[in-house]
Amino acid sequence: MPNPAVLFVCLGNICRSPLAEAALRKVCQEAGLELTVDSAGTGNWHSGEPPDSRAIATAARHGVDIRAYRARQVRMADFTRFTHILAADHQNLTHLEALRPGEATAQLGLILDLVAGREGQSVTDPYYGDAIGFEQTWADVLAAARALVDRLTPEA
Ligand code: 4NP
């Protein structure tokens, strides 16, 4: 089976999904795995903008530079370009299901569906919170990234 191509989706593409992209890039690099990874938002208010400064700081604390990431909105081509489109919360997932074109091949789900025991849970939106919220977001998306890479990495 070819490696998956994963798109993470949140509302603004400036907090949760860029951190999910960063976490998966980091874990893939550590594992020597090459995946297609990207992130997008269901909304377009922040299109073209870098991630939220608190997300940039959080990623930097964990060794990933996301300053060059730029927000974009989900587009129809994403539903065939990616094998998996993973939403941060139920609202994002409902939005994606409504957008999903007939020819879509991507499987839709929640980011935390990847994590045993956390299926169906949302990654809490840290936008209106404090720095601790961003650390919690990082912990959630890192757990998901590790679970995905574990699944794709044959045991030595
Ligand atoms: P994100 O966070 O969906 O994790 O990127 C948010 C970013 C922006 C807004 C809400 C949530 N906003 O309302 O602009």
Side-chain angles (χ1 to χ4, degrees), residues 4-30 35-101 104 106-149 151:
V6 182
L7 179 69
F8 293 111
V9 173
C10 62
L11 182 61
N13 193 209
I14 56 169
C15 298
R16 292 165 292 175
S17 62
L19 285 176
E21 178 183 347
L24 185 54
R25 287 189 187 282
K26 176 185 163 101
V27 176
C28 280
Q29 192 177 20
E30 288 167 356
L35 292 192
T36 299
V37 188
D38 198 4
S39 63
T42 57
N44 70 352
W45 312 282
H46 298 282
S47 285
E49 293 178 16
D52 186 282
S53 59
R54 298 164 296 174
I56 291 175
T58 301
R61 274 196 298 279
H62 295 280
V64 190
D65 182 356
I66 64 169
R67 287 174 299 177
Y69 289 18
R70 291 294 178 266
R72 71 168 179 91
Q73 192 170 23
V74 173
R75 39 184 179 252
M76 287 305 136
D78 291 330
F79 289 90
T80 45
R81 179 169 167 236
F82 293 92
T83 59
H84 294 76
I85 302 182
L86 300 176
D89 65 31
H90 288 273
Q91 187 196 357
N92 308 144
L93 183 56
T94 300
H95 199 136
L96 288 168
E97 282 163 351
L99 285 176
R100 189 179 191 280
Q107 194 178 316
L108 306 188
L110 291 167
I111 294 173
L112 285 175
D113 285 346
L114 290 166
V115 182
R118 300 199 62 191
E119 299 89 347
Q121 292 183 16
S122 294
V123 177
T124 306
D125 187 351
Y127 186 68
Y128 296 104
D130 55 21
I132 294 170
F134 279 80
E135 276 302 320
Q136 183 57 52
T137 300
W138 178 263
D140 284 352
V141 298
L142 184 64
R146 286 191 171 137
L148 178 61
V149 169
R151 215 179 283 177

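Read the numbers this way: they start at 1 and go in the same order the structure lists the ligands and their atoms.
- The shortest non-hydrogen separation linking Ala71 to Ile14 is CB-CG2, 4.1 Å.
- When heavy-atom distances to ligand 1 are checked against 4.0 Å, the residues falling inside are Cys10, Leu11, Gly12, Asn13, Ile14, Cys15, Arg16, His46, Asp125, Tyr127, Tyr128, ordered by chain and number.
- The NE2 atom of His95 sits 12.5 Å away from the CG atom of Leu108 when rounded to the nearest 0.5 Å.
- Among residues two or more places apart in sequence or in another chain, the side-chain contact (heavy atoms from CB on, under 4.5 Å) test is passed with Glu30 by Lys26.
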Less than 3.5 Å apart, which donor and acceptor atoms pair up between the side chains of residues 41-51 and the rest of the protein, not counting sequence neighbours?
{"residue": "His46", "atom": "ND1", "partner": "Glu49", "partner atom": "OE1", "Å": "3.0"}
{"residue": "Ser47", "atom": "OG", "partner": "Asn44", "partner atom": "O", "Å": "3.4"}

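- Residues Cys15 and Asp52 approach most closely at SG-CB, 3.8 Å, considering heavy atoms.
- Residue pairs meeting the ring pair (Phe, Tyr, Trp, His ring centres under 6.0 Å) criterion with at least one partner in residues 109-136, sequence neighbours excluded, are absent.
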